[in-house]
Amino acid sequence: MAFDLTVNGTRHTIDADPTTPLLWVIREHLGLTGTKFTCGIGQCGACTLHIDGQAIRSCSVPANVAVGKRITTIEGISPDGSHPIQIAWKELDTPQCGYCQSGMIMSALALLQRRPDPSDADINASVTNICRCGTYHRVRQAIHVAANLMKSRRQQ
Amino acid sequence: MSVDRREFLSIAATASGAFVLGFWVPTQSNAQSVPGAAWYEDPATPEINAWIVISPDDTVTIRIGQTELGQGVWTSNAMMVAEELQCDWNKVRPQYASANRDAREKAPEWTLNVPGNGAKDPKGGGEPGFANRDPHGVNGIPDSLYRRMRTNAASSVKDGRYYLQLAGAEARERLLLAASDLWTVPVSELTAKDSIINHTASGRTTTYGQIAGRAARTPHPHPETIKIKSPDQWTLMGTERKNLDVPAKVMGKTVYGIDVRVPGMKWAAVKACPVYGGTVKSYDFDNIRQLPGVRSAVQFPIPDPALTRGRIFSGGVAVIADTWYQAKTALDRMPIEWEIPPAHAAFNTANMRQALLAGLDQPGNVRVNQGNVDDVFTGAAKVVEATYSTPYLARARMEAGNATVLVTDNRVDIWIGDQSPQETRFSASKITGIPEENVYLNLCHLGGGFGRNGNGPQAEQAIMIANAHRGTPIHLLWTREEDFIGTTYRAMGMARLKAALDAEGWPVALEVRTAMQEGGFGPEASFDVASRYYVPNYRFSNHTTKFHVPVGTRRGVGQAAHEFYRESFMNELAHAAGKDPYYYRRELISRTSLPYKDDMIRALDIAAEMSGWGKPLPRGTAQAIALEERGGETNRMATVSAMVHTVSVSREGKVKLERVDIAHETGFSLVNPLSVKKQLEGQIIWFYNDAMHQANTIEEGRIVENNFDKFRISHIDEAPPEINIRFFKTGHWLLGMGHDRATSVQSAIGDAIFQITGKRLRDLPYGGQDLSWSIPDPTQNAVPRQL
């Protein structure tokens with residue numbers, strides 16, 4: 001049964017069971033592999049993407065929930081790694097293995113869009129993704145750097 | 001990323017070093033004529049040597065024999081080559097070396113001898129550890145082209161440095177010789193810097209890219225005379241360099257094994273018997289064959305233990321479908337009956353703990369016996385005894401186990417994130433009967449490693465499934481629950497430490513008994529040869545018990561549990577002696593004849609000073625110190641550090657690691673200090689989780705904690721807000737630092753809990769226990785801050 005999804009600004013017709021988790025439609029039907037599978041039960045956040053700007057753990061959401069909405073994946077935040085959050089992540093050399101970082105970035109970005117100058121408590125409450133390499137020290141710093149970069153871009 | 005099979009290569013490099021990892025898949029005909037040749041085939045870019053290709057646009061491709069799993073090896077290896085090559089760092093692009101070629105070709109003669117005089121020669125190559133040639137390829141193949149095509153034991157920099165520096169130097173000398181030949185000027189009049197060769201007298205210059213073709217045809221007459229630079233000559237090594245693969249990672253473009261897409265590929269979901277040693281009794285494929293996308297099911301046996309280093313995993317069944325989610329949902333609905341060995345199903349954590357405890361009372365394997373321990377205990381003023389335990393622990397890397405395999409009648413292609421590619425090639429050959437030289441393995445980045453060199457059987461399962469579907473590429477992917485079945489565990493362990501103290505509280509006898517499952521790794525760690533803390537009478541014995549769980553190397557290996565035992569007990573002894581645990585350690589180390597005791601004392605002093613040791617802390621906050629060392633019993637390579645952890649426990653019992661102060665030696669020099677800092681930060685989180693949250697328990701022979709709802713991994717809110725790192729220089733080369741640092745988080749949190757609550761916990765993890773307190777300071781008089 002076919003249905004339409006709008007991902008990173010492009011509309012796609014998907015030929016899949018519409019109750020397939022959004023993660024697998026994104027990875028298998030659309031070939032966008034930046035969004036990762038890790039736990040499959042919404043615990044780790046590696047599969048985090050945005051639906052209408054909200055951070056969603058896509059392994060635990062049926063694809064048809066996103067019909068008519070805007071889906072954004074890591075591939076959609078900039079074509080070339082120039083989004084302020086990506087620049088901040090590079091500045092801190094944040095990733096180690098990097099596997100969780102797409103989801104980490106998408107969680108942090110949702111926070112920054114909601115709260116442009118987040119406190120450490122805001123970060124603790126909102127960025128609940130798991131990183132097994134333990135990059136949290138740099139993730140926190142990178143979020144603050146990204147907040148500043150985004151602020152100065154807005155002021156330009 | 002589905003691409004044409006012949007063009008399955010997509011390296012998009014930019015000046016900033018961003019790239020997309022890709023692979024080349026040779027066609028059958030290509031493969032038969034020149035196996036793997038196209039990797040190097042382009043006549044426009046002949047290689048200078050096996051590590052280095054320079055393109056006309058000056059891009060320097062550096063081939064990496066280790067697997068990038070977050071430790072930064074793509075960057076540190078490239079730095080060691082580029083230092084000597086003297087190329088423009090911005091033009092460097094790492095690429096995986098060919099595992100097939102590694103096995104096929106011998107290492108160049110000039111890489112075979114390690115320059116210099118071992119661990120204490122700053123001009124030399126240190127003491128790389130090359131095992132004997134191993135037909136299984138577990139340890140790589142020491143005389144193979146890339147010397148050491150494996151990724152384990154925190155050894156990529158330690159072992160690879162000399163030959164990677166040599167590779168860069170050899171290429172540089174040949175580039176210079178080529179320019180000398182072209183311009184007919186003496187090579188001594190040429191300089192090379194940032195990929196440009198300069199002849200000052202005539203004002204002529206050329207670039208590496210322009211001269212590379214000529215250099216490729218210019219052998220060095222005496223490559224054995226080429227020297228490597230010592231740290232005082234380094235300009236790139238020893239500086240902080242951001243990781244070359246980070247730009248791709250923040251765009252989601254890095255290709256991990258799970259992201260591999262091959263034309264015609266089908267997906268396999270598997271279930272292996274959750275009790276190790278179990279197999280499939282029956283399964284009912286007819287029940288699910290009509291489900292969408294489902295193609296087939298195939299039963300597989302327990303992988304031959306000869307291919308998994310003697311470990312017994314389980315037999316299982318795979319469902320193959322067009323998409324993985326189809327395969328997984330169909331498999332979930334397929335009835336399966338298991339054949340479970342009753343003896344294995346009888347294991348549970350409680351009876352395994354009893355067996356280990358009973359093992360501690362057996363004579364055991366006595367590894368060290370100095371003085372006369374028993375006599376001293378008999379007449380001792382004070383005896384302190386403590387028994388500690390550490391649970392089974394999975395690595396639980398983020399990327400679930402996977403492998404993509406294509407078997408045809410005369411060839412195997414494998415795409416996998418793998419720390420032992422030669423081992424996997426050996427498995428593929430044994431399972432398929434196809435000669436090993438026709439097995440091609442394409443390395444992918446790994447979504448975490450943490451000791452995966454003790455490979456789980458994902459490759460063997462995938463090869464067995466693909467062998468039953470010859471001609472069709474099969475991508476096997478484990479669910480998280482399956483990943484907990486397929487992994488190897490750090491062995492559950494116990495230790496009983498017993499010390500006799502003299503009237504002043506100094507130990508006069510120490511007995512250390514450690515118990516772990518037979519086959520567990522690192523039984524000698526931290527206690528072997530000599531006690532790190534002075535004691536005139538010392539005995540150390542290992543005690544093993546047979547269990548059914550497959551055990552392997554996990555981050556920290558033996559040190560992780562053994563330093564927890566040792567440093568926890570030192571805290572208890574200092575407390576019993578009424579002495580400050582920093583000065584107690586310092587004094588006992590100073591009384592030893594350990595070769596690196598001065599470095600150990602320096603580490604303790606620096607960490608104590610950084611942390612403000614001894615200053616009053618608010619009620620509910622405590623500090624604990626510990627020594628960390630590997631190789632500290634020898635005068636060879638070693639790594640020494642010390643850490644002070646500042647920990648609070650709220651009255652409600654909530655533990656918070658507030659601050660970590662780290663003193664870490666650099667040896668003669670680190671290669672990439674930024675990577676070392678990141679590794680230290682990461683290991684704090686790793687051992688925090690071991691200390692607070694993680695355990696794998698066994699019920700009816702099965703692992704209970706098999707996903708992140710039960711196997712807890714901390715979030716950012718539990719990360720210490722403050723981490724301070726200070727490096728200090730020492731007079732030897734390091735023994736690596738990627739896996740056994742920050743073990744002290746475990747003993748330190750335990751001691752802080754004791755200082756604050758009066759509760760002495762000796763079983764990990766501490767989390768989940770009642771740590772609330774309301775009493776006045778229980779240790780106000782118990783831990784005086786004096787010697």
Side-chain angles (χ1 to χ4, degrees), chain A residues 16-17 20-21 23-25 27-29 31-41 43-44 46 73-75 77-81 83 85-87 89-91 93-102 104-105 120-121 123-125 127-140, chain B residues 1-2 18 68-72 242-243 245-256 258-259 261 267 292 323-325 395-400 445-450 477 479-481 674 678-679 681-686 688-689 707-709 713-721 723:
Chain A
D17 178 344
T20 303
L23 169 66
W24 295 107
V25 171
R27 284 185 61 84
E28 303 209 283
H29 296 268
L32 294 169
T33 55
T35 308
K36 297 302 190 209
F37 164 72
T38 291
C39 73
I41 57 171
Q43 285 282 320
C44 73
T73 69
I74 186 73
E75 291 91 345
I77 66 172
S78 80
D80 53 2
H83 190 285
I85 198 165
Q86 292 168 312
I87 291 169
W89 243 248
K90 287 184 272 194
E91 181 59 30
D93 207 40
T94 305
Q96 290 188 27
C97 88
Y99 192 84
C100 74
Q101 298 289 329
S102 299
M104 193 72 83
I105 288 170
D120 282 340
I123 294 170
N124 288 348
V127 183
T128 56
N129 299 47
I130 287 172
C131 172
R132 192 62 169 135
C133 298
T135 61
Y136 300 129
H137 194 62
R138 284 171 196 271
V139 167
R140 185 184 298 284
Chain B
M1 48 162 277
S2 182
E68 177 61 59
L69 41 85
Q71 82 282 45
K242 289 175 184 162
N243 277 260
D245 57 356
V246 160
K249 283 174 175 171
V250 303
M251 291 193 286
K253 287 190 174 175
T254 299
V255 177
Y256 302 87
I258 193 175
D259 302 322
R261 304 287 184 268
W267 288 86
T323 73
W324 183 77
Y325 193 71
R395 306 177 189 81
R397 62 179 182 143
M398 295 297 281
E399 183 185 11
H445 274 26
L446 264 168
F450 317 120
L477 170 63
T479 59
R480 177 54 48 183
E481 291 79 6
L674 178 59
K678 290 168 66 176
Q679 292 282 292
E681 292 159 8
Q683 288 173 95
I684 291 167
I685 305 298
W686 184 268
Y688 172 83
N689 276 304
N707 204 330
F708 297 147
D709 51 344
I713 297 172
S714 63
H715 298 171
I716 199 168
D717 62 325
E718 292 182 72
I723 298 173

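Numbered from 1 within each chain, the chains take letters A, B, ... in sequence-line order.
Within the 4.5 angstrom heavy-atom criterion, no atom of A:H83 approaches chain B. Of the atoms belonging to A:I87, not a single heavy atom falls under 4.5 Å from chain B. Proximity to chain B involves both the backbone and the side chain of A:I130, based on heavy atoms less than 4.5 angstrom apart. Heavy atoms closer than 4.5 Å to chain B are found nowhere in A:D17, neither backbone nor side chain. For A:T20, the parts sitting under 4.5 Å from any heavy atom of chain B are the backbone and the side chain alike. Residue B:P292 does not touch chain A at all, counting heavy-atom pairs closer than 4.5 Å. Using a 4.5 Å cut-off between heavy atoms, B:W267 touches chain A through its side chain atoms alone. Interface residue B:I713: backbone and side-chain heavy atoms are both found under 4.5 Å from chain A.
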(request) Take A:F37 and A:W24, measure what ring-ring contact (aromatic ring centres under 6.0 Å, His included) needs, and give me the verdict at the end. (result) CA-CA 9 Å; A:F37 164 72; A:W24 295 107; 5.1 Å; yes
(message) Working note: A:W89 + B:M251, criterion side-chain contact (heavy atoms from CB on, under 4.5 Å); need CA distance, chi angles, decisive distance, verdict.
(response) CA-CA 10 Å; A:W89 243 248; B:M251 291 193 286; over 6 Å; no
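For the side-chain hydrogen bond (donor to acceptor under 3.5 Å, both in side chains) test, residues two or more places apart in sequence or in another chain that qualify with A:D120 are A:R140, A:H144. Residues passing the side-chain hydrogen bond (donor to acceptor under 3.5 Å, both in side chains) test with B:Q683, sequence neighbours excluded: none.
Of the residues considered (B:E681, B:E68, B:Q679, B:K678), B:K678 shows the highest number of contacts with chain A, using heavy-atom pairs under 4.5 Å. Each of A:H137, A:Q101, A:K90 has some count of heavy-atom pairs under 4.5 Å with chain B, and the biggest count is that of A:H137. Between chain B and the options A:S78, A:C39, A:C131, heavy-atom pairs under 4.5 Å are most frequent for A:C39. Looking only at heavy-atom pairs under 4.5 Å with chain A, the residue among B:D717, B:I684, B:V250 that has the most is B:V250. Considering only heavy-atom pairs separated by less than 4.5 Å from chain A, the leading option among B:N689, B:T479, B:L69, B:N243 is B:N243.
A donor-acceptor contact under 3.5 angstrom links the side chains of B:Y688 and B:E718, judged on distance only.
Checked by atom type and distance alone, the side chain of B:Y256 never pairs as donor or acceptor with a backbone atom of A:K36 at under 3.5 Å. One N or O on the side chain of B:K249 and one on the backbone of A:Q96 form a donor-acceptor pair closer than 3.5 Å.
Here the closest heavy-atom approach between residue A:C44 and residue A:T38 is recorded as SG-CB, 3.4 Å.
In this structure, A:R132 satisfies the cation-pi test against B:W686, with its NZ or CZ atom closer than 6.0 Å to the six-membered ring centre and inside 45 degrees of the ring normal.
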